[in-house]
Amino acid sequence: MVLQQLREEVAFYGKELVRQGMTLHTGGNLSAIDREQGLVAIKPSARPYESLTAAEITEIDREGQVVDGPYPPSSEWRMHLALYRAFPTAGAVVHCHSPHCCALAALGRPIPPVNHELCCYCSQPVAVAPFALAGTEALGQGAVEAMAGGNNVALLQNHGQVAVGATLWHAMDAAAAAELAAAMVCLGGPLGTLQWVPEQARQALRRHDPMLWGGRQIQAV
């Protein structure tokens with residue numbers, strides 16, 4: 001078990017996804033990378049989060065080959081590796097099926113910057129990647145392209161959302177911020193016109209993202 005700390009984080013934050021209502025049962029996946037060793041700790045395929053332990057987390061290399069762990073990796077491993085290749089300061093990926101993000105993804109509607117939390121991770125509205133089958137290279141490429149221009153979050157058409165961060169804590173924070181903004185659109189949109197966070201404030205908030213300076217903040221689990 002080479003990536004003990006990262007495997008513990010993957011197991012912990014996987015449980016958090018379910019506890020916080022960001023996904024259901026085995027849906028979604030998450031990972032963290034050790035770039036020095038070229039290894040990724042990723043949720044195993046089709047395993048429920050509630051019972052996951054660090055020993056059950058799968059380790060893969062940069063080509064997706066299993067290095068350690070009793071189960072095959074998530075079917076979305078190609079998307080995770082594509083995001084790590086595209087964003088050199090990314091240390092973690094969270095993909096989940098949070099309800100309001102799923103609704104906007106099915107509508108093909110970007111998430112506007114309507115809360116300050118989202119602006120810490122996105123320079124512009126969260127884009128919707130075109131539909132692609134789960135587990136395919138196309139899904140990963142679509143996510144990368146949807147994040148082009150300075151976003152850490154993308155919606156996946158008819159699927160859910162995906163977020164990157166310097167650590168799993170930051171990737172989870174970005175995913176939660178996107179879900180809150182999506183909920184504001186779904187709940188507040190019918191009541192009137194939602195106001196965006198002013199441009200100057202968005203620029204100031206965006207500078208707080210640790211991915212911009214390559215920092216890694218270890219979180220206790």
Side-chain angles (χ1 to χ4, degrees), residues 1-87 90-99 101-102 129 132-144 154 156 158-176 179 216 218-221:
M1 189 185 298
V2 177
L3 307 181
Q4 177 67 34
Q5 173 68 29
L6 295 186
R7 288 169 75 150
E8 290 177 0
E9 291 183 25
V10 170
F12 175 83
Y13 285 109
K15 292 179 175 66
E16 283 296 288
L17 282 176
V18 174
R19 188 182 72 81
Q20 296 184 29
M22 298 284 284
T23 203
L24 297 172
H25 194 44
T26 66
N29 35 75
L30 68 171
S31 71
I33 187 171
D34 183 320
R35 291 189 178 272
E36 290 185 2
Q37 300 190 68
L39 298 176
V40 174
I42 188 168
K43 178 189 178 289
S45 179
R47 304 298 299 177
Y49 291 98
E50 291 92 336
S51 60
L52 270 185
T53 65
E56 295 175 312
I57 302 303
T58 307
E59 292 181 22
I60 60 174
D61 62 20
R62 294 179 188 271
E63 284 70 51
Q65 297 299 309
V66 174
V67 174
D68 193 23
Y71 304 110
S74 166
S75 62
E76 308 286 17
W77 63 266
R78 294 176 181 84
M79 177 174 68
H80 288 247
L81 294 185
L83 290 166
Y84 289 132
R85 287 193 297 267
F87 303 105
V93 174
V94 169
H95 163 53
C96 61
H97 303 160
S98 54
C101 282
C102 283
L133 289 174
T136 62
E137 295 281 358
L139 184 70
Q141 188 57 39
V144 169
L156 308 173
N158 301 105
H159 191 158
Q161 64 147 308
V162 62
V164 296
T167 67
L168 270 170
W169 191 96
H170 295 119
M172 277 283 296
D173 201 48
E179 174 60 12
R216 171 169 169 76
I218 301 296
Q219 299 295 327
V221 297

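- Here the SG-CD distance, from C96 to Q20, works out to 10.0 Å after rounding to the nearest 0.5 Å.
- Distance check, rounded to the nearest 0.5 Å: OG1 of T58 to CZ of R47 gives 9.5 Å.
- In this structure the side chain of Y71 never reaches within 4.5 angstrom of the side chain of V66, judged on heavy atoms.
- V144 is listed as a side-chain neighbour of L83, based on a closest heavy-atom distance under 4.5 Å.
- For the atom pair OG1 (T167) and CD1 (I33), the distance works out to 14.0 Å, reported to the nearest 0.5 Å.
- Y13 and M172 make their closest contact through CD2-CG, 3.8 Å (heavy atoms, listed as atom of the first residue, atom of the second, distance).
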message: Between E8 and Q4, is the side-chain hydrogen bond (donor to acceptor under 3.5 Å, both in side chains) condition met? List the steps.
response: CA-CA 6 Å; E8 290 177 0; Q4 177 67 34; 2.6 Å; yes

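- At a threshold of 4.5 Å between non-hydrogen side-chain atoms, the residues Q161 and L156 do not count as touching.
- Looking at H25 and Y49, their side chains never come closer than 4.5 Å, going by heavy atoms from C-beta outward.
- Contact annotation: the side chain of T136 never approaches that of R78 to less than 4.5 Å [non-hydrogen atoms, C-beta and beyond].
- To the nearest 0.5 Å, the span separating CG on N158 from CG on L133 amounts to 11.0 Å.
- The side-chain tip of R62 does not point at the ring of Y84 from less than 6.0 angstrom away and within 45° of straight on.
- Annotation for G28 and H97: closest pair N-CE1, 3.4 Å, computed over non-hydrogen atoms.
- Contact check on R7 versus E59 returns a salt bridge, with a Lys/Arg side-chain nitrogen under 4.0 Å from an Asp/Glu carboxylate oxygen.
- Contact annotation: the side chain of H159 approaches that of H95 to within less than 4.5 Å [non-hydrogen atoms, C-beta and beyond].
- By the 4.5 Å heavy-atom criterion applied to side chains, L3 and Q37 are counted as neighbours.
- The side-chain contact (heavy atoms from CB on, under 4.5 Å) with S74 is formed by just one residue from the set N29, L30, T26; it is N29.
- Atom CZ of F12 and atom CG of L52 lie 13.5 Å apart (nearest 0.5 Å).
- L39 has its side chain out of reach of I60: every pair of non-hydrogen atoms, C-beta onward, lies at least 4.5 Å apart.
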